[in-house]
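Computed over heavy atoms, backbone and side chain alike; hydrogens, waters and symmetry mates excluded.
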Amino acid sequence: MIKTAVVISNENKIFVRILDSNIKKNSEDSESIEARNPRNFSVSAGSVVAIRTSKTVEVLYGIISLLIPVFSAAAGFCFSSFVLKNQSELLKAFFVLLFLAIPSAVIFVLSRFIRIDSRPKIIAMRGES
């Protein structure tokens with residue numbers, strides 16, 4: 001997705017703020033994010049740029065953070081239905097939640113150590129603010 005952003009800092013790293021129709025250009029309410037500059041545009045504080053996030057990274061994050069825990073919870077449901085045939089529904093529900101929580105926790109912990117470069121990149125200059 002391509003968005004327009006304003007550069008707020010260009011020291012060692014480039015930080016930008018997304019410009020939104022609901023947010024003023026110099027609003028302190030909007031969050032600043034780090035962006036890459038692979039084309040080495042000459043940017044300075046106040047420059048308006050177009051940034052793009054990687055669709056591959058977005059899809060990968062979606063698969064890892066949503067689909068794996070959901071499929072694992074389904075596996076927990078199957079496990080509890082076949083292995084715990086004569087047990088209470090509460091115990092079966094516990095296994096479904098357990099099979100949902102464990103991969104979610106593992107993904108959360110691994111995401112702190114294994115980083116995918118998901119920083120948006122500057123793809124064009126739009127001018128000065």
Side-chain angles (χ1 to χ4, degrees):
M1 172 183 298
I2 298 175
K3 294 205 175 232
T4 303
V6 63
V7 177
I8 59 169
S9 173
N10 186 17
E11 293 170 4
N12 295 334
K13 298 179 179 179
I14 299 172
F15 287 93
V16 298
R17 271 202 185 108
I18 305 292
L19 295 180
D20 189 354
S21 59
N22 300 326
I23 300 173
K24 294 179 184 176
K25 192 178 286 189
N26 294 321
S27 172
E28 297 298 322
D29 297 338
S30 59
E31 182 180 347
S32 62
I33 57 174
E34 184 181 351
R36 294 181 292 148
N37 189 5
R39 296 184 186 173
N40 295 321
F41 289 113
S42 177
V43 296
S44 59
S47 297
V48 179
V49 296
I51 60 172
R52 174 183 285 158
T53 56
S54 171
K55 291 179 184 172
T56 307
V57 171
E58 288 177 7
V59 169
L60 184 64
Y61 275 137
I63 289 171
I64 291 172
S65 63
L66 295 174
L67 291 181
I68 291 175
V70 167
F71 286 141
S72 179
F77 176 76
C78 293
F79 173 79
S80 66
S81 295
F82 293 120
V83 175
L84 305 171
K85 290 181 183 177
N86 297 329
Q87 298 297 325
S88 70
E89 292 296 320
L90 184 61
L91 186 61
K92 292 178 183 180
F94 172 76
F95 272 94
V96 170
L97 292 175
L98 184 67
F99 274 63
L100 176 68
I102 290 174
S104 298
V106 169
I107 290 169
F108 177 77
V109 169
L110 288 179
S111 71
R112 302 295 170 235
F113 298 109
I114 301 171
R115 293 287 180 168
I116 299 172
D117 191 7
S118 61
R119 296 176 298 167
K121 60 183 173 182
I122 299 172
I123 58 170
M125 292 290 295
R126 298 269 168 102
E128 298 285 326
S129 62

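There is no path of hydrophobic side-chain contacts, each under 4.5 Å, that joins Phe95 to Phe77. The hydrophobic clustering, which links ILVMFWY residues whose side-chain heavy atoms are closer than 4.5 Å, places Ile102 and Phe94 together. Hydrophobic clustering (side-chain heavy atoms under 4.5 Å, transitive across Ile, Leu, Val, Met, Phe, Trp, Tyr) keeps Ile68 apart from Val70. Leu66 and Val59 are not part of a single hydrophobic cluster, where members link through side-chain heavy atoms under 4.5 Å apart. A continuous path of Ile, Leu, Val, Met, Phe, Trp and Tyr side chains, each step under 4.5 Å between heavy atoms, connects Leu91 with Phe99, placing both in one hydrophobic cluster.
Interatomic distance, Ile107 CD1 to Ser65 OG, rounded to the nearest 0.5 Å: 7.0 Å. The structure places CD of Glu58 at 11.0 Å from CG of Leu60, a figure rounded to the nearest 0.5 Å. For the atom pair OG of Ser47 and CD1 of Ile8, the computed distance is 12.5 Å after rounding to the nearest 0.5 Å. The distance from the CD1 atom of Ile18 to the NZ atom of Lys3 is 6.0 Å, given to the nearest 0.5 Å. Put simply, CD1 on Ile14 and CD1 on Ile51 are 11.0 Å apart, with the number rounded to the nearest 0.5 Å. We find the OH-OG1 distance between Tyr61 and Thr56 to be 12.5 Å, quoted to the nearest 0.5 Å.
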Could you walk me through whether Ile33 and Arg119 pass the side-chain contact (heavy atoms from CB on, under 4.5 Å) check? CA-CA 8 Å; Ile33 57 174; Arg119 296 176 298 167; over 6 Å; no

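By the neighbour-count criterion of 12 heavy atoms within 6.0 Å, atom CZ of Phe41 is densely surrounded, having more than that number from other residues, nucleotides or ligands. In this structure, Phe79 places its CZ atom where more than 12 heavy-atom neighbours from other residues, nucleotides or ligands lie under 6.0 Å away. Within a 6.0 Å sphere centred on NZ of Lys121, other residues, nucleotides and ligands contribute 12 heavy atoms or fewer. When the shell of 6.0 Å around CZ of Arg36 is examined, it contains more than 12 heavy atoms from other residues, nucleotides or ligands.
Contact detail for Pro120 and Thr53: the closest heavy-atom pair is CB-CG2, 3.9 Å. Nearest heavy atom pair, residue Pro69 against residue Ile64, reads CD-O, 3.6 Å.
A donor-acceptor pair is defined here as one N or O able to donate and one able to accept, closer than 3.5 Å; no such pair exists between the side chain of Arg39 and the backbone of Ile122.
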